[in-house]
Structures are given as structure tokens and as C-alpha cells.
Protein chains: 2
Amino acid sequence: MSPDSSLPARALAPRRHEEILRRLGAQGSVSVAELAGFFDVSRETIRRDLKLLSDKGQLGIVHGGAARFEPSEPAMSLRSHENAGGKAAIGRTAAGLVTDGMVVFLDSGTTTLAVAQAMTDLRDLTICTASLKIALLLCHVSGMRVHMLGGEVDPGEEAASGIDMLEAMSRFRVDVAFLGGGALSPDGEVTDFTRAGAEQRSRMIALAAKTYFVLDSSKFAKLTPLRIPNFQRAAGVIVDAKPQADIAEALARKGPELMIAS
Amino acid sequence: MSPDSSLPARALAPRRHEEILRRLGAQGSVSVAELAGFFDVSRETIRRDLKLLSDKGQLGIVHGGAARFEPSEPAMSLRSHENAGGKAAIGRTAAGLVTDGMVVFLDSGTTTLAVAQAMTDLRDLTICTASLKIALLLCHVSGMRVHMLGGEVDPGEEAASGIDMLEAMSRFRVDVAFLGGGALSPDGEVTDFTRAGAEQRSRMIALAAKTYFVLDSSKFAKLTPLRIPNFQRAAGVIVDAKPQADIAEALARKGPELMIAS
DNA sequence: GTCGATGTTGCAATATGTGGCAGTGATCGT
DNA sequence: ACGATCACTGCCACATATTGCAACATCGAC
């Protein structure tokens, strides 16, 4: 094939592809003109390169160049208004499960933020959360003690994460935990976007006396890659609409109760 | 010809959109004129960008620019609007003391929030704070790593406090710390309202390579009960107006430099 | 109400994307 | 060795997208 020949004044295609991907990783986007100048090839050639890489799913082509795919879910600020009504209903149902004196853990996410909103009428709770917005909201409610879990802040979630957060979390004795999730999978489990998220939620299930997942119906149609260990030990899954019958059945077999908010 | 100068002639549309959303996250609003200047494109182009993003529901267009949707911003405490101009000047001066790669600690309080605001133009910093609002603000600035210190949340400060916060704080190696305070006392020291606050600030002085107190002029006339141990080891006190001559002299004798922002 | 700043629209200029075609060099079969 | 074939590339012509300009409509402050 190509014995790593000394650079023949022109970079070969694989070398270009490598460099293009490297730049994408570093800068997030590349332009056709810039690459054509850098490799000293025509713009058509660069476009063909980008087309190839695009067909392999390694980048997305935009007018003037190419951009990297955002691997994660959209940022929190973009999600907060989606299905607001359904989330509020879930919040009311979740708040109904809480009584005075309890220690409550609230996961980060827009649905759990709605749960926090619904809890502003309650008193005498100890709240434990890694979400900046939930802490900010509930710390002003009289009678609530809020413990913020520290750690590196994830901009997408607007919440602390990482090893420090896991360690801080593990110190608490929690009566009830409300967790978010990435999707409700066809086999009746809640799944997640990231290893870290799945691990954190798994630990919380083990830590809390009772754990409920809160998922609005926009999560039904999705698929996310990570299973959450211990899921079957959760007490329930609170949703705002009836999922497909087979998913409900699969969930019932696992154990957690399906609760439909209204 | 063109040694790959970092002049890609023009940012691609997706890159502009990304930056617009980043600024929205950091500052809450953007203006058409400001963006047109920044990207070196016409105002029409920016308006078309904003229209697109608006159609996708990612921002709201207002006269002169665009604003982020606020899910439920709890009313900002009254303090934050007092002497806003002076605090902004302090913020600019403080931000001028910071350079790329530093680890910066930001205390809780409205003046340090102004410092954080002034830092949104910077990059490549590690921020360490117990303030919920500062963490929320700076986590959206690309290039900044934000570490939220956990602990019990003090509703008045909207920040973590207590033993957990002290412990988390002590793990960091900090290049520069910006601390608030209760008052600038007649004998040239910054004093505090509470034992816990004074203790926390004292430890931070010991921990950081350089420590600056930031105090707006409304703190000049006050008296608060607690001295801050180690105060004389602070590098400076940044204020927005010239304090009384005898106070300035007393401060000069202690050691910290008096810096008047403008 | 007036005036300056901002938003809107149509249009022209420029930049970019697409497909066809030909030249080049390497590979391979004969 | 020779020619056919193929992958790759650049050039060209044409389609499309994006942008800036200018004229006009609106908004908002005073």
C-alpha cells in the first residue's frame, strides 16, 4: 500500500483526513477555504474529503465547511421549555410523595427542576442536590435546608458532577430520591447518555430508601446507550403520559411502579 | 502565501450561532451591533442568525438584540443593584489582575458577582467558588472550568457554607482569590459579620498565593464585629472610591495595597 | 410629534456547492 | 513492455446559498 513515504510535497488523502479530524476536535469547525490553503489542494478536493468523512458519520457538512457533531444532549437552557405542562404535572405527583422531615435528593435536569418547583409549597425538608438552579430555587423557601453537592460544574446540566460530587453524595442518608434519565428504553428500563450519569444514578438508587425516576413523554421515543445498574430496585417511574403497552409491561416485570401524572 | 494564519477570514454560520448562544448563556442578552462588530459582518446577517435561532426556540428577539428565556429567575436580591456602577468598575480592575491558566477563587457576594461578570470575556481559567450564581454564570463561558464548592446553602448569600465548604476549599491550590467583606474598619482592616465568614476568609488568605478584597464604597461607613485573621497578608483591597485619608493610611501600614477602580 | 436607532425587504454581488470532464500517475493483467 | 483501468485531482460551467447595500417601515425616547 502506502509505505509511509516521505512527504511528497503534497499530503495524501488519509493524511488530510487525519488532520481535518484533528482540527475539528480542536476547533469545533473547519472551513473549506482554510483547508484548501493549508493543504494546497483545490476546494473541490477538500469538499470530497468532507463528503467522505460525512458519509462515515465523522462530521457534519455546513455551508462553507464542516462542523463536529455535538455528542451530548442539548444544553439545559434549550430544554427547559419543552413540554412544560407535562413536567409540571410530574412535579406535582412527585411532591405528593414527600412528607415533612424527609431528606430528599433531587437530581439535575429540567424535569427534576419542575419537581423542585412543585416542592416550594412544602416545609421542613432537607434537600440534597447537585443542581445549581434547584439549590438557588429552594434555598429561599423557609423551612428548607439545602445542601449543595460540590464538584466540577457541567455547563450542559448546570450542575456539579465528577468524583467530588459522587463522594459528597455518598455521605447522605436519603429518604427519597428523584432522578432524571435520558430515555425510557423499549425493554422497560431508564437509560442514560453517559457512563458518569448512569453510575451516579445507580449509586443513588443504592443510597436512597426510595428512588423515583421522573421522565416526561419526550423521552419515550428516544434511545440512549447506557443502562443504569440497580434500576430494578427503584420504587417507581413517574411519567406524564401512558407509554406503549409493551414498554409498560416490560417495566412492570422489572419491578418499579409506573405512575402516570395528570 | 497564507501561512495558516489564524484568520479564517470569517466565522462560519454555525460557529456564529454557537458563540451567540454562549454569550447568551454567559450574559443573558446580546445586542445586534455588538455581535456585528465582533464577527465583522453586517447587522442584517446577525439579525438573520437571531431569526434562525429564534425559530428554533433557542432565544427570544428583543429590540436591539436577543435575550435568553429565563425559566424562573428568582428575584435578584436588592443589594445587587446598589452601586452597580462602582461594582462594575471594581470587577474590571479585578479581572485585570487575572491571566490565562490561573486558578481563581471567587467568594460569595454581590461585589464578587460583579467580578465574575467582568471575567466572562476571559478564557482558560479554573474557577473555584461557593456562590451558586457565580457558578451558574461562569460555567457557560467556554474555556472556563468551574468547581462548585459544596455545603449547606446560606439563603442570604446564595452560596454554600459550613464545614463541608471549608473542607472542599482547602483542597485547592489557588493563584488569586477575590474576597468580599462586611466593612472597611477605621483602623484599616476588612471586617466581617460572622465568625464563620471571618474564619473562612482567613483560611482563604492562607491558601491563595494572592488575595484581594473587593469592597464597594457602601461598605466604608459600616462597622462589623469580626476581624479577619491574617488580613495583613492580603495582597490588596480593591474599592471604587477613595476612602478617608486616615483609613487609607492605616491600611497602608498593615500591608495590603489600596487599589481604586475607575 | 420629531428624530435617531433599529427592523424589514428586495436586489445585486460574492462565495460556495455540484456535476461533468479530462489529465495524471499507479496498478494490474496480458 | 504495453495498454486498460482506476483512483484521485483540478478545471470549468452552472446552481444555490449567503451576504451586504440601500430604500423604506417601525420603534422608542424625549
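Scope of the values below: all heavy atoms of this structure, side chains included, with no hydrogens, waters or symmetry mates. Everything quoted here is computed from the prediction, not taken from an experiment. Within every chain, numbering begins at 1; the chains are lettered A, B, ... in the order of the sequence lines, protein sequences first and strands thereafter.
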Trainee: Assess the residue pair B:R145 and B:D124 against the criterion (salt bridge (charged side-chain N to carboxylate O under 4.0 Å, His left out)); give the C-alpha distance rounded to whole Å, side-chain angles, the decisive distance to 0.1 Å, and a yes or no.
Mentor: CA-CA 8 Å; B:R145 295 162 297 286; B:D124 192 23; 3.5 Å; yes
Trainee: Can any side-chain N or O of A:K219 pair as donor or acceptor with the backbone N or O of A:G181 at less than 3.5 Å?
Mentor: yes
Trainee: Are A:R23 and A:E19 close enough, and set up right, to give a salt bridge (charged side-chain N to carboxylate O under 4.0 Å, His left out), and what steps lead you there?
Mentor: CA-CA 6 Å; A:R23 289 187 168 219; A:E19 172 69 9; 3.1 Å; yes
Trainee: Set out, line by line, the N/O atom pairs under 3.5 Å between protein and nucleotides 21-30 of chain D.
Mentor:
unit_1	atom_1	unit_2	atom_2	d
D:dA22	N6	B:E44	OE2	3.0

Trainee: Do A:V239 and A:F220 have side chains that approach each other closer than 4.5 Å (heavy atoms only, starting at C-beta)?
Mentor: yes
Trainee: Donor-acceptor pair, distance only, cut-off 3.5 Å: does the side chain of B:D107 make one with the backbone of B:F178?
Mentor: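 Not at all, since once roles are kept as given, no pair shorter than 3.5 Å links the two residues.
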Trainee: Keeping the roles fixed (side chain from A:T191, backbone from A:P225), state whether a donor-acceptor pair exists under 3.5 Å.
Mentor: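 Side chain of A:T191 to backbone of A:P225: no pair is present.
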Trainee: Rounding to a whole Å, what distance do you find between A:I46:CD1 and C:dA15:P?
Mentor: 19 Å
Trainee: If you measure from CD on A:E158 to OG on A:S131, what distance do you get to the nearest 0.5 Å?
Mentor: 7.5 Å
Trainee: Can you tell me how far P of C:dT8 sits from CG of B:L52, to the nearest Å?
Mentor: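 After rounding, the gap between these two atoms is 13 Å.
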Trainee: Would you say that A:T45 contacts A:R16 through its side chain, given a criterion of any heavy-atom pair below 4.5 Å between the two side chains?
Mentor: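 A side-chain contact exists here, since the closest heavy-atom pair is under 4.5 Å.
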Trainee: What is the separation between atom CG on A:D49 and atom P on C:dT18, rounded to the nearest whole Å?
Mentor: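 Spelled out: CG on A:D49 to P on C:dT18 is 14 Å.
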Trainee: Which nucleotide in the list D:dG20, D:dG10, C:dG17 gets nearest to the side chain of B:V41?
Mentor: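 The listed nucleotide nearest to B:V41's side chain is D:dG20.
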Trainee: For D:dC8 and A:R16 - does any side-chain N or O of the residue sit under 4.0 Å from the phosphate oxygens OP1/OP2?
Mentor: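 For D:dC8, neither OP1 nor OP2 has a side-chain N or O of A:R16 closer than 4.0 Å.
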Trainee: Nearest whole angstrom, please: distance from the C1' of D:dC8 to the CG of A:D40.
Mentor: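 From A:D40 CG to D:dC8 C1': 16 Å.
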Trainee: Please give, in whole Å, the distance from C:dG7 C1' to B:R47 CZ?
Mentor: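 To the nearest whole Å, that distance equals 5 Å.
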Trainee: Show the nearest heavy-atom pair for residues A:D192 and A:A198, with the distance to one decimal.
Mentor: OD2-N, 3.3 Å
Trainee: What is the separation between atom CZ on A:R43 and atom C1' on D:dC11, rounded to the nearest whole Å?
Mentor: 12 Å
Trainee: Between D:dA7 atom C1' and A:H17 atom NE2, what is the distance in whole Å?
Mentor: 13 Å
Trainee: Under 3.5 Å for both distances, Watson-Crick or G-U wobble, that's the pair rule; now give the dot-bracket for DNA chain C, with | marking pairs to another strand and [ ] for crossing ones.
Mentor: ||||||||||||||||||||||||||||||
Trainee: Of the nucleotides D:dT9, C:dT16, C:dG7, which has the atom closest to the B:V32 side chain?
Mentor: C:dG7
Trainee: Roughly how many Å is it from CZ in A:F39 to C1' in D:dG10, rounded to a whole number?
Mentor: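 It is 17 Å, rounded to the nearest whole Å.
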